[in-house]
Number of protein chains: 2
Amino acid sequence: MAATIKDVAKLANVAISTASRVINNSGYVSDETRARVEQAVKELDYTPNSIARSLKQKSTYSLGLVVTDIGNPFFSEVAQAVERAAREQGYSVLLVNTDGKAEQERDGVDLLVAKQVDGIIWYSPINSKLAEELSQRKSGPVIVTITGRREPIGTHTIHINDEIGAFEAVNHLIRLGHTRIGYIAEPEGPEYPQERLHGYLRSLQEAKLPVDRSLIVRGDYQQGGGRKAIKEILKNRPLPTAIFAANDLMAVEAIQYAREIGLEVPQDLAVVGFDDIMLAGLRGIDLTTVAQPKYEMGQEATKLLISTLKKEKASRYITLLPSLVIRRSCGYRLKGSAVSW
Amino acid sequence: MAATIKDVAKLANVAISTASRVINNSGYVSDETRARVEQAVKELDYTPNSIARSLKQKSTYSLGLVVTDIGNPFFSEVAQAVERAAREQGYSVLLVNTDGKAEQERDGVDLLVAKQVDGIIWYSPINSKLAEELSQRKSGPVIVTITGRREPIGTHTIHINDEIGAFEAVNHLIRLGHTRIGYIAEPEGPEYPQERLHGYLRSLQEAKLPVDRSLIVRGDYQQGGGRKAIKEILKNRPLPTAIFAANDLMAVEAIQYAREIGLEVPQDLAVVGFDDIMLAGLRGIDLTTVAQPKYEMGQEATKLLISTLKKEKASRYITLLPSLVIRRSCGYRLKGSAVSW
DNA sequence: CTGTTAGCGCCTTCAC
DNA sequence: GTGAAGGCGCTAACAG
């Protein structure tokens with residue numbers, strides 16, 4: 001049995017409340033008494049039970065981090081930022097994986113609520129109603145969502161403008177002279193923001209390029225999905241000369257597959273991804289991609305969350321812009337294009 | 001204010017203990033009463049406060065996961081396995097990053113202890129004394145360590161036989177005809193297991209190859225560190241024909257650097273890594289590497305931990321063997337070698 | 001079957 | 001300055 005404050009008090013020959021005072025440094029205690037208590041603490045190797053403390057104080061100093069898949073390097077980088085920012089402020093983080101399933105998300109969030117987390121960083125809400133409702137509760141956790149959607153959800157929203165990111169990526173391909181651009185798209189369904197698709201479409205439209213629906217194939221954001229999708233897309237004739245993929249994982253798989261069947265990247269097929277996960281920058285991969293400010297996203301969200309906890313703060317909506325990182329996978333100029341780079 | 005069991009009891013017109021019974025499904029309750037309580041629960045949208053429950057039951061149903069760097073894809077894969085296994089058993093996981101610093105590790109673990117986690121999966125203990133001592137405490141958390149060291153630490157130990165992994169990797173290079181094999185080593189210092197170095201050395205010795213200390217340069221396991229190390233190693237003349245690196249991140253950087261300065265991989269320089277993180281298998285990288293059973297490690301550790309929690313179990317020591325995954329970065333045969341593959 | 005009664009470990013008035 | 005007492009939300013005997 002670990003020592004409790006009671007043991008400390010007894011050993012120091014003081015009342016529990018006095019022991020509490022010196023441990024928490026609150027209220028007046030004579031130097032002499034303080035010394036006695038501190039001595040007792042040391043002797044018993046006493047650690048305050050923060051469960052009990054939380055029960056009393058209604059604050060657990062912990063926050064939940066809800067992500068689709070912590071095994072995905074993209075989320076893991078965000079998680080790293082969150083953990084660091086949280087630790088620096090004395091908070092700890094409870095990790096919940098949703099695997100992209102609404103049910104798991106609900107259960108996970110329920111768990112976090114039961115564990116009385118002070119706040120939740122939610123990336124990203126499949127079930128936005130749940131998030132919205134939760135953030136309405138008076139004594140519920142503060143909810144910060146990170147999302148590619150436009151609509152704010154929760155107490156605070158960190159919005160990554162995916163639409164513009166995708167738009168810029170496709171624009172870049174168009175400037176390079178591409179006119180048949182395939183798209184390995186985000187999955188369909190209400191739980192997935194369709195902003196990247198919108199950006200892709202808008203770019204084509206503004207350039208007055210036709211939209212060929214058979215060049216748009218849904219991916220699943222997972223390993224294996226990019227391969228399936230690119231296969232599908234490359235059944236089209238004439239072949240597209242460029243591919244935009246809704247995330248890097250799928251983009252890299254597209255490159256792999258293209259090379260396997262004898263296409264050269266970028267000469268025969270230019271590829272642009274989305275996210276800028278670490279591997280995108282490796283030599284041998286060199287993926288041009290839309291970089292999401294992963295670290296900032298995690299850090300911003302955490303800081304915002306914790307500062308809200310410390311004092312009331314109006315709901316905030318922050319937009320972060322992704323940026324296009326040009327590497328080699330898109331080529332610098334398409335053969336026969338009039339545009340020089 | 002969130003609803004408490006008291007509110008539920010009042011609304012259902014029963015005693016608190018009765019409400020508790022139906023909520024926890026313990027003891028006999030008449031169907032009629034049960035229905036009333038359930039109705040009340042629904043009406044108030046009641047969620048049990050697990051903080052309070054934990055205080056009473058001495059069990060928080062949460063476990064700590066201590067890793068060096070969750071942003072590192074290697075750890076993030078282990079974390080994924082841990083989270084999943086934990087969730088399946090109704091446990092949640094508190095994430096602690098050490099960034100490889102002893103102080104952060106201590107603070108993080110203190111935090112976990114204060115938060116009364118039931119167990120800690122510790123990968124990997126820099127300060128093994130801390131781990132050992134903690135696992136001795138009667139009412140302390142169950143400690144499962146994952147480590148490349150031989151010595152058991154904590155309640156249970158999952159040992160990855162790094163020495164054999166490294167040994168096999170270097171053996172492979174030797175079989176391919178290499179005799180000057182550089183090593184981008186693990187960092188020095190008591191907090192880092194030196195098993196991979198041992199394996200490297202043993203392999204050379206058994207093959208009766210000379211050990212050239214200037215071909216062994218310490219890395220830091222981080223991004224950037226492989227680059228620095230390979231630079232150093234390649235100052236040697238004659239150049240080594242092969243490089244073994246203590247992890248994939250550094251191995252990949254070595255490949256990048258080698259290519260930048262005009263060396264072909266694997267023709268001029270064969271490279272073997274350690275870990276088998278996702279990117280190792282990508283086309284364009286194709287890194288031959290010692291695969292650690294990441295998923296098994298996380299899962300095994302978690303299951304072991306939780307089963308211990310449920311009923312006393314003797315301390316266990318499990319050894320998992322890594323396996324060599326041969327891809328292209330090591331070449332199939334060294335020019336001029338007599339060994340065919 | 002159901003209600004009453006003690007706490008779990010801690011913090012926080014409120015007296016002295 | 002210090003102590004006594006109440007209660008956070010919940011569970012677990014123990015009576016009825």
Side-chain angles (χ1 to χ4, degrees), chain A residues 1-38 40-41 44-62 110-111 113-118 137-141, chain B residues 1-38 40-41 44-62 113-118 138-140:
Chain A
M1 215 42 231
T4 75
I5 198 170
K6 215 168 156 182
D7 303 322
V8 172
K10 196 182 298 175
L11 184 59
N13 240 307
V14 294
I16 294 178
S17 49
T18 305
S20 172
R21 276 185 203 104
V22 358
I23 287 157
N24 296 296
N25 233 306
S26 62
Y28 294 89
V29 182
S30 74
D31 289 353
E32 200 258 331
T33 321
R34 152 161 288 122
R36 274 219 317 286
V37 173
E38 276 164 354
V41 165
L44 294 169
D45 198 13
Y46 167 75
T47 318
N49 179 332
S50 65
I51 293 291
R53 180 177 280 172
S54 296
L55 181 59
K56 190 84 230 217
Q57 299 186 153
K58 310 284 170 209
S59 176
T60 54
Y61 291 97
S62 59
D110 276 355
L111 197 73
V113 171
K115 292 240 157 117
Q116 310 281 108
V117 294
D118 296 343
R137 301 233 273 249
K138 328 242 143 324
S139 66
Chain B
M1 220 39 233
T4 74
I5 199 171
K6 215 168 155 182
D7 302 322
V8 172
K10 195 183 299 177
L11 183 60
N13 241 308
V14 295
I16 294 178
S17 51
T18 306
S20 173
R21 275 182 205 106
V22 359
I23 288 157
N24 297 297
N25 233 307
S26 62
Y28 295 90
V29 182
S30 74
D31 288 353
E32 200 258 330
T33 323
R34 153 162 284 121
R36 274 219 317 285
V37 173
E38 276 165 353
V41 165
L44 295 169
D45 199 12
Y46 167 75
T47 318
N49 179 332
S50 65
I51 292 291
R53 177 178 285 171
S54 296
L55 182 60
K56 189 86 229 208
Q57 300 188 152
K58 310 282 171 212
S59 176
T60 55
Y61 292 97
S62 58
V113 172
K115 292 240 158 117
Q116 312 277 106
V117 292
D118 295 342
K138 329 246 144 322
S139 67

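Applying a 4.0 Å cut-off to non-hydrogen atoms, the residues of residues 22-29 of chain A that approach DNA chain C are A/N24, listed by residue number.
The B/I16 side chain lies nearest to D/dT11 when the options are C/dC10, D/dT11, C/dG3. Of the candidate nucleotides C/dC10, D/dT11, D/dA4, D/dT11 has the atom lying nearest to any side-chain atom of B/I5.
A side chain to side chain contact (heavy atoms under 4.5 Å, CB included) with A/V37 holds for exactly one of A/L11, A/N13, A/V22; it is A/V22.
One interatomic measurement links the two molecules: NZ of B/K58 to P of D/dG9, which rounds to 18 Å at whole-angstrom precision. Atom CG of B/N49 is separated from atom C1' of C/dC8 by 13 Å (rounded to the nearest Å). Following rounding to the nearest Å, B/K115 (NZ) and C/dG9 (P) show an atom-to-atom distance of 19 Å. For A/L55 and C/dT12, the CG to P distance is 13 Å, given to the nearest whole Å. Separating the NZ atom of A/K6 from the P atom of C/dC11 is a distance of 15 Å, rounded to the nearest angstrom. The OH atom of A/Y46 sits 7 Å away from the C1' atom of C/dG9 (whole-angstrom rounding). When the P atom of C/dC11 is taken as reference, atom OH of A/Y61 falls 11 Å away, rounded to whole Å. When rounded to the nearest whole Å, the span between CD of A/Q57 and C1' of C/dG9 equals 12 Å.
Here A/S30 reaches the OP1 or OP2 of D/dT2: one of its side-chain N or O atoms lies under 4.0 Å away. Within the 4.0 Å cut-off from OP1 or OP2 of D/dG1, not a single side-chain nitrogen or oxygen of A/T18 is found. For A/S17, no side-chain nitrogen or oxygen approaches OP1 or OP2 of C/dT12 to under 4.0 Å.
Taking every heavy atom of both residues into account, B/S54 and B/S59 meet most closely at OG-O, 3.3 Å.
Distance NZ/A/K58 to CD1/B/I51: 10.0 Å, rounded to 0.5 Å.
Counted within 6.0 Å of CG on B/D31, heavy atoms from surrounding residues, nucleotides or ligands total 12 or fewer; the atom is thus considered open.
When heavy atoms are screened at a 4.0 angstrom cut-off, B/S54 is found touching no nucleic acid atom at all.
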Less than 3.5 Å apart, which donor and acceptor atoms pair up between the side chains of residues 23-30 of chain B and the rest of the protein, not counting sequence neighbours?
| unit_1 | atom_1 | unit_2 | atom_2 | d |
| --- | --- | --- | --- | --- |
| B/N24 | OD1 | B/R53 | NH2 | 2.9 |
| B/N24 | ND2 | B/S20 | O | 3.0 |
| B/N24 | ND2 | B/S20 | OG | 3.3 |
| B/S30 | OG | B/T33 | N | 3.2 |
| B/S30 | OG | B/T33 | OG1 | 2.4 |

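For a distance-only test at 3.5 Å, the side chain of A/K56 qualifies as a donor-acceptor partner of the base of C/dC11. Judged by atom type and distance alone, A/R34 does not reach the base of D/dG1 through any side-chain donor-acceptor pair under 3.5 Å.
Residues B/T47 and A/D110 are not in side-chain contact: their nearest non-hydrogen atoms beyond the backbone lie 4.5 Å or more apart.
Closest-nucleotide positions on DNA chain D for A/R21 and B/R53 were compared, and the one nearer the 5' end corresponds to A/R21.
Side-chain atoms of B/K115 never come within 3.5 Å of backbone atoms of B/T60 as a donor-acceptor pair (strictly under, hydrogens ignored).
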